[in-house]
Amino acid sequence: DSASKYALLSFNLFAKKREKKDYFNFIIDSLHIIQLIDSIAAKGFEKLKTNQSVLNYTNFLNQNYLANKKNLSQVVYLRDELDYNQSLSFNDSKQTKEFVITHPQSAFIAEALLLIDRQIFDESTKNNTALSYINFIKVNDTGVTIMKPCVLLTFYLVVVTLKICLLGL
């Protein structure tokens, strides 16, 4: 943590003064500072692999924002994957919506949006009654597209049965 902090401070200081220095055969310029930042971040990333958490990934990204972009992208992906899997464990549309709101550029966004639709359908029709299906379609005009074919067929049969009962046939 302190190594990345001081490497970032030296980068910012060098960006202001732009003076190349040489201390004990150690050259200080923007190229060498960036290389130092990358090596510190690489070691931090190896440590991070053993202690994975969304908070640790986020802290790493905040502390190493100047590191190699490829490595940062990998950390973002791993953080999003971990967070998405945690939201999956709740199996709740509100949790999945929170993931979508907090991770709008995630690699998992398309999957999460589909999951939200499915979760809303499951939550709305958990009673498995004709009324719950009808209310779902009234509230969610895209609802029919996310239903499984067997559920759609069941729904169709329920609606037909209701019409027959209402018409007295």
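Leu115 approaches Tyr84 most closely through the heavy-atom pair CD2-OH, 3.7 Å. The two residues Ile120 and Ser93 make their nearest non-hydrogen contact at CG1-CB, 3.9 Å. The minimum heavy-atom distance linking Asn64 with Ser4 is given by the pair OD1-CB, 3.5 Å. Between Asn68 and Asp38, the shortest heavy-atom distance links the atoms N-OD1, 2.7 Å. Of all heavy-atom pairs spanning Asp80 and Phe99, the tightest one is O-CE1, 3.6 Å. Between Ile116 and Val100, the closest heavy-atom pair is CD1-CG2, 3.7 Å.
Using a 4.5 Å cut-off between side-chain heavy atoms of Ile, Leu, Val, Met, Phe, Trp and Tyr, with links allowed through other members, Ile40 and Leu66 fall into different hydrophobic clusters. Phe45 and Leu36 sit in two unconnected hydrophobic clusters of ILVMFWY residues. Membership requires side-chain heavy atoms under 4.5 Å apart, directly or through other members.
Side chain of Ser89 to main chain of Gln86: a donor-acceptor pair is present (N/O by atom type, distance under 3.5 Å, no hydrogens or angles). A donor-acceptor pair is defined here as one N or O able to donate and one able to accept, closer than 3.5 Å; no such pair exists between the side chain of Thr125 and the backbone of Asn128. Not one N or O on the side chain of Asn56 forms a donor-acceptor pair closer than 3.5 Å with the backbone of Leu48.
Side chains of Leu78 and Gln52 form no contact here, defined as non-hydrogen atoms less than 4.5 Å apart. A heavy-atom distance below 4.5 Å is found between the side chains of Leu72 and Phe60. Counting only heavy atoms from C-beta outward, the side chains of Glu81 and Asn85 approach each other to under 4.5 Å.
To the nearest 0.5 Å, atom NE2 of residue His103 and atom CD1 of residue Ile109 are 9.0 Å apart. Atoms CG and CG, from Asn127 and Asn135 in turn, are 10.0 Å apart once rounded to the nearest 0.5 Å. To the nearest 0.5 Å, the span separating CG on Leu114 from CZ on Arg118 amounts to 11.5 Å.
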Applying salt bridge (charged side-chain N to carboxylate O under 4.0 Å, His left out) to Asp122 and Lys126, what does each step give before you reach the verdict? CA-CA 6 Å; Asp122 290 342; Lys126 67 182 171 194; over 6 Å; no
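Checking Gln119 against Thr96 by side-chain atom types alone, a donor-acceptor pair falls below 3.5 Å.
Listed by chain and residue number, Phe90, Lys94, Gln95, Glu123 satisfy the side chain to side chain contact (heavy atoms under 4.5 Å, CB included) test with Asp92 (two or more places apart in sequence, or in another chain).
Ion pair Glu46/Lys43 not flagged as a salt bridge, since none of the NZ, NE, NH1 or NH2 atoms sits closer than 4.0 Å to an Asp/Glu carboxylate oxygen.
Counting non-hydrogen atoms of neighbouring residues, nucleotides and ligands closer than 6.0 angstrom, the NZ atom of Lys69 exceeds 12 such neighbours. Within 6.0 Å of atom NZ in Lys49, more than 12 heavy atoms from other residues, nucleotides or ligands are found, so the atom counts as buried in its surroundings.
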